[in-house]
Student: 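Sharing a structure, written as structure tokens. Questions coming.
Chain A is the first sequence line, chain B the second, and so forth, proteins listed ahead of strands; every chain is numbered from 1. Given the structure is predicted, the values throughout are model-derived calculations rather than measurements.
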2 protein chains.
Amino acid sequence: MESYKQLFNEYIAMYRPYINKLNALLASYNLTTAQWSIMFLIFREGAKTIGDISLYQNVEKPTTTKLVQKLIDLGYVEIHVGNDKRVKIVQLSEEGAKVYGQVREKIDHFQKGLSEGISEEERLVVARVLKEISSKL
Amino acid sequence: MESYKQLFNEYIAMYRPYINKLNALLASYNLTTAQWSIMFLIFREGAKTIGDISLYQNVEKPTTTKLVQKLIDLGYVEIHVGNDKRVKIVQLSEEGAKVYGQVREKIDHFQKGLSEGISEEERLVVARVLKEISSKL
DNA sequence: CCTCATTAGTTAGTTAGGGAAACTAATTAT
DNA sequence: ATAATTAGTTTCCCTAACTAACTAATGAGG
């Protein structure tokens, strides 16, 4: 099989097993991957509006609204209105920051385990190539 | 950021844009990525039972049942009962094989475009690393 | 200042894909 | 012959996604 086909095949083949394991890991915090991914974003990049989150995540705003609503229910994020009273700025709550740290540890451990035996160079090649492909999408 | 984090971040970031483009490309054949992925499997590996398909795809059998049902409705696959009358063997229909070829061409073109500028070695590294990670999942 | 267009977010309704539990029918083992 | 197992289906539910239509706030042009 041509190398580009191998690449995309392996890419797709890995997705469901990976997400399932991740969801299993998140389940004890009542989180799903989609919700976690928003927490991760606002941890890394700081407070963000619903619109910004949607852009970063490549989803429509209604999807973000609902995920953020769940995170509010869980007490992991809080919202404040901006100067422009239409926008809602989402950030981690104190509880959310605590949970973030705990989950982050678990995920680190999980991901480290998966990358054992893969050299630093190879990891960087994979990260760079995937980023390069993303940029064309 | 540590290299393993970069790897998994880029992996996740690429998923939705990639699947969306793929679905857009498949839409003219009334196919979705999940359905296509079954056609791809039985093209590569030959006729397969519902159970085998579920194993390969890492999904539960009810999911496969439904996807295969759609493919039958579309006329792209057909089923015949095995010696064991419980099993249903799924294979591409004549129409399905024709459509497979057409779609394959489009996807090849799409994937080739995305992998332009990525060297053969790099492609193989990515494929191998992703496969290695999959094997641990 | 009004009016009107635009923007941010929400609501309502739909869809695809997935899973668990309970089922039927066929097969295998005791 | 009966019991256990297996293959696939049905039913019912969930998550994550979308579009279309909405509300409320802002901003621009007259």
Side-chain angles (χ1 to χ4, degrees), chain A residues 12-13 15-27 29-41 47-74 77-90, chain B residues 12-13 15-27 29-39 41 47-74 77-91:
Chain A
I12 290 297
Y15 188 75
R16 290 191 35 68
Y18 178 68
I19 290 295
N20 284 345
K21 284 269 178 95
L22 211 49
N23 276 330
L25 195 150
L26 292 169
Y29 300 91
N30 297 307
L31 284 170
T32 63
T33 311
Q35 291 156 20
W36 164 255
S37 152
I38 290 178
M39 291 180 69
F40 184 37
L41 172 67
K48 288 263 165 295
T49 69
I50 301 280
D52 287 344
I53 295 173
S54 305
L55 281 178
Y56 274 91
Q57 307 284 87
N58 284 293
V59 298
E60 298 302 317
K61 286 187 294 176
T63 302
T64 303
T65 295
K66 285 168 214 156
L67 291 172
V68 166
Q69 190 51 55
K70 274 249 178 68
L71 289 171
I72 293 170
D73 293 348
L74 289 166
V77 306
E78 51 197 22
I79 264 178
H80 64 272
V81 176
N83 284 355
D84 179 336
K85 281 171 194 155
R86 288 169 307 177
V87 314
K88 293 187 174 173
I89 299 168
V90 184
Chain B
I12 290 297
Y15 188 74
R16 289 190 37 69
Y18 178 69
I19 291 295
N20 284 344
K21 283 270 177 95
L22 210 49
N23 277 330
L25 195 150
L26 292 168
Y29 299 90
N30 297 307
L31 284 169
T32 63
T33 312
Q35 291 156 21
W36 164 254
S37 154
I38 291 179
M39 292 181 69
L41 172 67
K48 288 262 164 294
T49 68
I50 301 281
D52 287 345
I53 294 173
S54 305
L55 281 177
Y56 275 90
Q57 307 285 89
N58 286 294
V59 297
E60 298 302 316
K61 286 187 295 178
T63 302
T64 302
T65 297
K66 287 167 217 159
L67 292 171
V68 166
Q69 190 50 56
K70 271 242 182 77
L71 289 171
I72 294 171
D73 293 349
L74 289 165
V77 307
E78 52 198 22
I79 265 177
H80 63 273
V81 176
N83 284 355
D84 180 334
K85 281 170 193 157
R86 288 168 307 178
V87 315
K88 294 189 174 172
I89 299 169
V90 184
Q91 62 183 2

Student: Counting just side-chain N and O atoms, does Thr32(A) come under 4.0 Å of either OP1 or OP2 of dA16(D)?
Tutor: yes

Student: Give the nucleotide from the list dA7(D), dC18(D), dA21(C) with an atom nearest to the side chain of Pro62(B).
Tutor: dA21(C)

Student: With respect to the phosphate group of dG19(C), does any side-chain polar atom (N or O) of Thr63(B) fall under 4.0 Å of OP1 or OP2?
Tutor: yes

Student: Take atom CD1 of Ile38(A) and atom C1' of dA17(D), then tell me their distance rounded to the nearest Å.
Tutor: 12 Å

Student: What's the spacing between Leu41(A) CG and Trp36(A) CH2 if we round to 0.5 Å?
Tutor: 11.5 Å

Student: OP1, OP2 of dT9(D) versus side-chain N and O of Gln69(B): anything below 4.0 Å?
Tutor: no

Student: Expressed as a whole number of angstroms, how long is the span from Ile72(A):CD1 to dG9(C):P?
Tutor: 12 Å

Student: Within the structure shown, what part of the strands sits under 4.0 Å from Gln57(A) by heavy-atom distance: base, sugar-phosphate, or nothing?
Tutor: nothing

Student: Can you measure Glu60(B) atom CD to dT10(D) atom P for me and round it to whole angstrom units?
Tutor: 17 Å

Student: NZ of Lys61(A) versus P of dT7(C): gap in Å, rounded?
Tutor: 10 Å

Student: Quickly work out the Asn58(B) CG to dG17(C) C1' distance and round it to whole Å.
Tutor: 14 Å

Student: Give, for atom OG1 of Thr65(B) and atom NZ of Lys88(B), the distance between the pair rounded to the nearest 0.5 Å.
Tutor: 7.5 Å

Student: To the nearest 0.5 Å, tell me how far Thr33(B) OG1 sits from Leu26(B) CG.
Tutor: 5.5 Å

Student: For the side chain of Val59(A), starting at C-beta, report the closest nucleotide among dG9(C), dG19(C), dA17(D).
Tutor: dA17(D)

Student: Side-chain N or O of Thr65(A) versus OP1/OP2 of dG9(C): is the shortest distance under 4.0 Å?
Tutor: no

Student: At less than 3.5 Å, do the side-chain atoms of Lys88(B) and the base atoms of dG8(D) form a donor-acceptor pair?
Tutor: no

Student: Atom OH of Tyr15(A) to atom P of dG17(C): distance rounded to whole Å?
Tutor: 13 Å

Student: Residues from residues 79-87 of chain B sitting under 4.0 Å of DNA chain C, heavy atoms only?
Tutor: Asn83(B), Asp84(B), Lys85(B), Arg86(B)

Student: Would you mind classifying the nucleic acid contact of Thr49(A) as base, sugar-phosphate or nothing, using non-hydrogen atoms under 4.0 angstrom?
Tutor: sugar-phosphate

Student: In Å and rounded to the nearest 0.5 Å, what is the CD to CG distance from Gln69(B) to Leu74(B)?
Tutor: 10.0 Å

Student: Whole Å only: how far is the CG atom of Leu67(A) from the P atom of dT10(C)?
Tutor: 12 Å

Student: When rounded to the nearest 0.5 angstrom, what is the spacing between CD in Gln57(B) and OG1 in Thr63(B)?
Tutor: 10.5 Å

Student: I'd like to know if Lys66(A) reaches the base of dG13(C) with its side chain such that a donor and an acceptor end up less than 3.5 angstrom apart.
Tutor: yes

Student: When the distance from CD1 of Ile19(A) to C1' of dC14(D) is rounded to whole Å, what number comes out?
Tutor: 16 Å

